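Accompanying notes for the structure given below.
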Amino acid sequence: AAPARDRLRIAIQKKGRLADPARALLTACGLSWRESRDKLFCFGESLPVDLLLVRDDDIPGLIADGVCDLGIVGFNELDEQAKARRQIGMSDAYQSLRALPFGDCRLMLGIPEEWEWSGVDMLQGKRIATSYPAILTAWLAERGIKADVVELSGSVEIAPKLGTADLIADLVSSGATLRANQLKPVEILMESTAVLAGPVDELTDSRAGLMAMLLRRLDGINASRE
Ligand code: ATP
Ligand code: ZN
């Protein structure tokens, strides 16, 4: 087991769509930090709650390894890494504790504009580019579709034009990026929002009380928004 600690550590995105709303939410929970110069680590001042600023992809692993106690990450990323672990027989190491009111998006199938969508059967034998191979693989398997999953870490939407894939599964909010690449959305694989993620096993030292307090404050903020 990880050694006992008396400060809570929360991982959030350093730069990107979730960075500012995550920090604003934690600030609304009464947290404040004295920032280190390189700003990878922010030392909590109002409470013993520190921040680690990282790439969103690293957040599930940091929780799994016990380096961080909580993280704010897209459910899409959390679920991708959870499914990837399960697909190689590993046990669950993190879970979504709360859905958060930002980061809304959908993981969707995008096909070339000129295709006529006739349903999932037309995916048989096709090559599908995505940054979410575990989610896509599970989704295809549930439907009995045999297709090639082409994993790309970025620029997924240009894969059909480059000829590296026939279609894509990618995150969509307005659809503008799909349209700009002569693609159209046809199927939703997943609805996602940012979530507060935490470990599967409960904390046992003084961090447990800090986490409970933070969750109460979060729930208070969410309730007052409704
Ligand atoms: P990092 O450098 O941290 O790896 P990133 O490029 O992977 O950044 P962002 O583009 O900032 O990440 O997206 C972070 C999260 O924002 C996504 O995982 C998703 O949950 C959410 N999101 C909301 N809308 C969109 C969208 N239109 N496209 C991509 N992500 C979106
Ligand atoms: Zn990322």
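All ligand and atom numbering here is 1-based and tracks the order in the structure. Source: prediction; values computed, not measured. Side chains included, hydrogens not; waters and symmetry mates left out as well; all remaining heavy atoms used.
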Hey, which atoms in ligand 1 end up nearer than 4.0 Å to a heavy atom of [X]?
{"X": "Leu18", "answer": "15 (C), 16 (O)"}
{"X": "Gly16", "answer": "11 (O)"}
{"X": "Gly74", "answer": "20 (O)"}

Query raised in the report: Under 4.0 Å from ligand 1, counting heavy atoms only, is it the side chain of Asp104, its backbone, both or neither?
Result: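 Backbone only; the side chain of Asp104 stays clear of ligand 1.
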
Query raised in the report: Where the closest heavy atom to atom 22 (N) of ligand 1 is concerned, which of Arg106, Gln13, Arg17 has it?
Result: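 The residue whose heavy atom sits nearest atom 22 (N) of ligand 1 is Arg17.
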
**Report entry** Residues Asp69, Arg5: salt bridge by 4.0 Å N-O rule
**Finding:**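 A salt bridge links Asp69 with Arg5.
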
Is the number of heavy atoms from other residues, nucleotides or ligands under 6.0 Å of [X] [atom1] greater than 12?
{"X": "Glu114", "atom1": "CD", "value": "yes"}
{"X": "Asp201", "atom1": "CG", "value": "no"}
{"X": "Lys39", "atom1": "NZ", "value": "no"}

Do me a favour and list the nearest non-hydrogen protein atom to [atom] with residue, atom name and distance?
{"atom": "atom 24 (N) of ligand 1", "value": "Cys105 CB, 3.4 Å"}
{"atom": "atom 18 (O) of ligand 1", "value": "Asn76 ND2, 2.9 Å"}
{"atom": "atom 14 (C) of ligand 1", "value": "Asp56 OD2, 3.5 Å"}
{"atom": "atom 2 (O) of ligand 1", "value": "Arg55 NE, 3.5 Å"}
{"atom": "atom 27 (N) of ligand 1", "value": "Ser173 OG, 2.6 Å"}

Query - Under-4.0 Å heavy-atom contact between protein and atom 10 (O) of ligand 1 - result: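 Given the 4.0 Å limit, the answer for atom 10 (O) of ligand 1 is yes, a protein heavy atom qualifies.
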
Report task. Examine Ile145 and Leu107 and state if one hydrophobic cluster contains both, with Ile, Leu, Val, Met, Phe, Trp and Tyr joined whenever side-chain heavy atoms are less than 4.5 Å apart. Result ->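 Cluster IDs for Ile145 and Leu107 match.
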
**Report entry** Single-linkage hydrophobic cluster, 4.5 Å side-chain cutoff, Phe102 and Leu53 together
**Finding:**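 Looking at the clustering, Leu53 is in the same group as Phe102.
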
Report task. I would like to know whether Asp219 and Arg98 meet salt bridge (charged side-chain N to carboxylate O under 4.0 Å, His left out); could you show each step before the answer? Result -> CA-CA 9 Å; Asp219 292 340; Arg98 296 290 188 280; 2.8 Å; yes

Requested in this report: Would you name the N/O/S atom of Asp56 that lies closest to the Zn ion (ligand 2)?
Outcome: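 It is OD1, the N, O or S atom of Asp56 closest to the Zn ion (ligand 2).
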
Requested in this report: Measuring from the Zn ion (ligand 2), name the closest N, O or S atom belonging to Asp57.
Outcome: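 Distance check against the Zn ion (ligand 2) picks out OD1 in Asp57.
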
Query - Considering all heavy atoms, the nearest Glu157-Asn181 contact - result: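 Nearest pair, atom of Glu157 first, then Asn181: CG-ND2, 3.2 Å.
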
Query raised in the report: N/O/S of Glu77 less than 2.8 Å from the Zn ion (ligand 2)?
Result: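 False for Glu77.
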
Report task. For side chain to side chain contact (heavy atoms under 4.5 Å, CB included), just list the numbers for Thr137 and Tyr132, CA-CA rounded to whole Å, side-chain angles, deciding distance to a tenth of an Å, and then say yes or no. Result -> CA-CA 9 Å; Thr137 299; Tyr132 297 91; over 6 Å; no

